[in-house]
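Both counts, for ligands and for their atoms, begin at 1 and track the order of listing. Quick caveat, the model's predicted, so the values are computed rather than measured.
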Amino acid sequence: MIDLATNLWQVQERIAAAAVRAGRDPAEITLVPVTKTVPPATIRAAYALGLRIFGENRVQEAQAKADDLVDLPDLRWHLVGHLQRNKAKVAVRLFDVIHAVDSVRLAEAVSQRAQEAGRTVPVLLEVNVAGEATKFGFAPGELPDVVPAITALPGLTLWGLMTVAPFVADPETVRPVFRQLRAWRDELARQQPAHPWHHLSMGMTDDFEVAIEEGATMVRIGRAIFGERRE
Ligand SMILES: *Cc1c(COP(=O)(O)O)cnc(C)c1O
């Protein structure tokens, strides 16, 4: 059994402490609890503790849980994982925010489907800062070329950038990754001031404190709240 209330309390304390260390207001940081593999009953318990946003990385899994939890008011789902273009239609109906737009063609599909659904979808662009072959995301160097085409799409609002840092034993090792994501975000905000670019979705269970010190506004945390996943 996991002690959800204690885990959540501890994570919230650690978020606040990291913010204060960096001279930031903890209220600037949105916790996105990541519930992949977590059953709906546990999400219900988390909701009872006050959580309203939940992050999922698969459209079908999220849809099944959203159907199960349809009686809970104000639930907001964030898609934090890779999205396939053929799921864009379902995604724009289900998710408030899409964190990981990783190609121009996906951005076009999401924009098209968003317009059909009569909404504008807040999105973040995923950046593969460390250039890992196994990860999705734009290479940082291609951002200046691709971003103008994406910001021109009518169905999207560019909320910022997202990254998944390399898995390392010591989170200090990935501090430069977070710092670079922030620098790119600042640069894009200068180049494309019509969009907000306010958000940096970075930091997970193993590295969220360092990410907050480097400017994260959304931290995506799974295991520290819900326990180890048995996939
Ligand atoms: C699973 C996942 C997370 C949460 O990871 P934890 O290490 O469990 O905190 C965050 N972001 C993405 C994209 C994920 O797939």
Side-chain angles (χ1 to χ4, degrees), residues 2-4 6-15 18 29-40 42-43 45-46 49 51 53-65 76-84 87 91 94-103 106 110 121-138 159-175 177-178 181 185 199-231:
I2 55 155
D3 184 347
L4 201 55
T6 303
N7 289 354
L8 179 59
W9 166 253
Q10 286 173 350
V11 164
Q12 286 168 335
E13 287 291 296
R14 288 169 62 190
I15 289 172
I29 297 143
T30 301
L31 170 62
V32 180
V34 176
T35 47
K36 63 187 185 212
T37 78
V38 174
T42 306
I43 301 176
L49 292 170
L51 297 180
I53 296 174
F54 295 99
E56 286 281 341
N57 71 338
R58 292 200 181 90
V59 175
Q60 265 160 314
E61 184 179 340
Q63 182 70 69
K65 291 176 191 174
R76 281 167 290 159
W77 298 96
H78 286 210
L79 182 61
V80 300
H82 175 66
L83 175 61
Q84 289 168 291
K87 304 228 171 87
L94 179 57
F95 295 101
D96 263 42
V97 183
I98 297 179
H99 285 237
V101 169
D102 55 14
S103 74
L106 174 62
V110 172
V121 181
V123 301
L124 294 86
L125 304 182
E126 180 171 6
V127 184
N128 184 358
V129 177
E132 292 174 280
T134 53
K135 292 228 168 97
F136 292 105
F138 293 104
W159 265 19
L161 300 180
M162 174 269 200
T163 199
V164 179
F167 296 107
V168 291
D170 177 3
E172 277 300 329
T173 315
V174 291
R175 187 181 290 276
V177 168
F178 299 134
L181 194 75
R185 190 281 308 270
H199 282 291
L200 288 169
S201 170
M202 57 188 196
M204 303 166 42
T205 288
D206 292 326
D207 56 19
F208 70 89
E209 287 149 306
V210 173
I212 288 168
E213 288 168 12
E214 297 300 328
T217 65
M218 294 197 279
V219 287
R220 310 177 309 267
I221 300 179
R223 289 168 297 137
I225 300 172
F226 299 104
E228 292 297 323
R229 286 181 289 273
R230 282 157 299 192
E231 263 141 305

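- Partners of Glu209 by salt bridge (Lys or Arg N to Asp or Glu O under 4.0 Å), not counting sequence neighbours, listed by chain and number: Arg14.
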Check each N or O atom of ligand 1 against all protein N or O atoms and list the pairs under 3.5 Å, with atom names and distances to 0.1 Å, one per line.
residue, atom, partner, partner atom, Å
ligand 1, 7 (O), Arg223, NE, 3.1
ligand 1, 7 (O), Arg223, NH2, 2.8
ligand 1, 8 (O), Arg223, N, 2.9
ligand 1, 8 (O), Arg223, NE, 3.3
ligand 1, 8 (O), Arg229, NH1, 2.7
ligand 1, 8 (O), Arg229, NH2, 3.2
ligand 1, 9 (O), Thr205, N, 2.9
ligand 1, 9 (O), Thr205, OG1, 2.6
ligand 1, 9 (O), Gly222, N, 2.8
ligand 1, 11 (N), Arg220, NE, 2.9
ligand 1, 15 (O), Lys36, NZ, 2.6

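- Taking CG of Asp102 as the reference point, atom CG of Leu124 lies at 12.5 Å (rounded to 0.5 Å).
- Scanning for salt bridge (Lys or Arg N to Asp or Glu O under 4.0 Å) contacts around Glu126 gives an empty result, with sequence neighbours left out.
- His78 pairs with exactly one of Glu56, Arg220, His99 by the side-chain hydrogen bond (donor to acceptor under 3.5 Å, both in side chains) rule, that one being His99.
- For Ser103 (side chain) and Leu106 (main-chain N/O), a donor-acceptor pair under 3.5 Å exists by modelled atom type.
- Contacts of Lys135 classified as salt bridge (Lys or Arg N to Asp or Glu O under 4.0 Å), with partners at least two apart in sequence or in another chain: Glu132.
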